[in-house]
2 protein chains.
Amino acid sequence: METLRERKKQRTREALLRTALEMFTAQGYDDTTVDDIARAVDVSQRTFFRYFAGKEEAALALQDMTVARLLEAVRERPAHEAPMDALRQAVLEGWDTLNEVIEAVAPVEVFLRMYQVIESTPVLLAAHLRRSVEIEEALARILADREGVDLAADPRPRLTVAVFGGVMRLTERRWSGGRDHSLDALRTLAVSHLEGIGPALSESWRTH
Amino acid sequence: METLRERKKQRTREALLRTALEMFTAQGYDDTTVDDIARAVDVSQRTFFRYFAGKEEAALALQDMTVARLLEAVRERPAHEAPMDALRQAVLEGWDTLNEVIEAVAPVEVFLRMYQVIESTPVLLAAHLRRSVEIEEALARILADREGVDLAADPRPRLTVAVFGGVMRLTERRWSGGRDHSLDALRTLAVSHLEGIGPALSESWRTH
DNA sequence: AGGCTAGTGACAGTCACTGACAATTGACAA
DNA sequence: TTGTCAATTGTCAGTGACTGTCACTAGCCT
């Protein structure tokens, strides 16, 4: 059983996060000050920064929660799958179980809306991209492990992940720039992009 | 002939930029305040912000100067080249003529050292990555134009650029994390990575 | 019950950045 | 050359993210 103190902390953190996400999606990231959030939760601004390293961290918290799951999913993919297939399947799997991961904090709808906010807020997009670099490094390690190659000597794990990551970021961008902001549209677009890598890399497009 | 006023402005801007780059590479980005830079150039802090939208813009100015050249180079690549080849050749070409572009402001050495600073400074790396998104969008437009396809309907231009961009960012990262920080090492690594895309995407690595 | 300590609020300070206004200085015509 | 206009700059005040410090409160544990 958790102690009262721990439960209180948990509640404060969740209140801050929920309020922050609500305000970010409602009035935009830049137009929401940390003071606003703290005031709405009725804690001091200083307390906000005791729970989150910065405003960005709160904004990206939901996306962050899905990362651990993704890495796990890749690790658990059957060994016979080609690396790129394992990555694809793991991502799709992650989206299927999205709700289980974030439901304690926010509904899937908020997760998806935060993606729009991220893509349309330069400073948030920048932070998001920087984080994906770290995720890609972790993925490369997992792939190297899975395939039994030496990450220091063999560039293929990082290369595969770089290609995959580039395509996934394109997917995020086009999805959030499009009209259909459903999870299903995201899935469809991702699969279509991943299948399109081969054709796109072929010699010329004009000979159709 | 330029007017005196314009020459003065030019001189102020270059002094600010040169000083900023010098301080960034010498003592790090975070440890250099805008006040430091302004004081060193003997202008007010306000003036710094009249020449640069922010501290980041000064830090990324050199890298920015090479972008226009890169886009031009892609446009001028022979039409028979495959899209990915055109991108590769344009980048290599850009590095060959690097000095011509930036010599008015700083030597190539500073350009290369700023890359280390960017890669090792989270907030700068984030800004750099965000900018590459915009560059990729421009590249996709150029490719679509070159190949005569409709960017809105055909995902191949963006897909190609996404893959290319992912691999180039991997190149930057590994280069700056390595030992040899020469332009030649960067070239070699880029070529090796671009050639490795195919093999990395193959079914399995274990069958060698 | 009372000491210990984690968690918090209040306060002061730094740094990036912005708006407003006054002072300066180059440009240009009379 | 001189006076006017406009561009450039400095000063000042303010906002917002973030950090260090310190005293205080409240849960914890004996």
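This one's a predicted model, so the numbers in the text were calculated from it and none came from an experiment. We use all heavy atoms of the structure for the numbers below, so side chains are in, but hydrogens, waters and symmetry mates are not. Residue numbers begin at 1 in each chain, while the letters A, B, ... track the order of the sequences.
In this structure, A/Gln10 places its CD atom 15 Å from C1' of C/dG7, rounding to the nearest Å. Spacing between atom CZ of A/Arg7 and atom C1' of D/dA26 amounts to 14 Å, rounded to whole angstrom units. We find that CZ of B/Arg39 is positioned 13 Å from P of D/dT11, with the value rounded to whole Å. We find that CD1 of B/Ile37 is positioned 12 Å from P of C/dC15, with the value rounded to whole Å. One atom, NZ of A/Lys9, and another, P of C/dA6, lie 10 Å apart when rounded to the nearest Å. The nearest whole Å value for the distance from the CG atom in A/Asp35 to the P atom in D/dG14 is 17 Å. Rounded to an integer number of Å, the gap from B/Asp36 CG to C/dA16 P is 8 Å. The CG-P distance, from B/Asp30 to C/dC15, rounds to 12 Å in whole Å.
Residues B/Glu136 and B/Arg158 are not paired through a salt bridge, judged by the lack of any N-O separation under 4.0 Å between the basic side chain and the carboxylate.
A donor-acceptor contact closer than 3.5 angstrom is absent between the side chains of A/Gln63 and A/His128.
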Tabulate protein N/O versus nucleotide N/O from nucleotides 23-26 of chain C, keeping only pairs under 3.5 Å, one per line.
| unit_1 | atom_1 | unit_2 | atom_2 | d |
| --- | --- | --- | --- | --- |
| C/dG26 | OP1 | B/Lys8 | NZ | 3.2 |
| C/dG26 | O3' | B/Arg5 | N | 3.4 |
| C/dG26 | N3 | B/Arg5 | NH2 | 2.7 |

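When every heavy atom of A/Ala106 is checked against every heavy atom of A/Leu62, the shortest pair comes out as CB-CD1, 4.1 Å.
Proximity of residues 41-51 of chain A to DNA chain D (heavy atom under 4.0 angstrom from any strand atom) is restricted to A/Gln45, A/Arg46, A/Phe49, A/Arg50.
Taking the salt bridge (charged side-chain N to carboxylate O under 4.0 Å, His left out) definition, one finds that A/Asp184 meets it with A/Arg187, sequence neighbours left out.
Note on B/Lys55: every side-chain N or O is 4.0 Å or more away from OP1 and OP2 of C/dC17.
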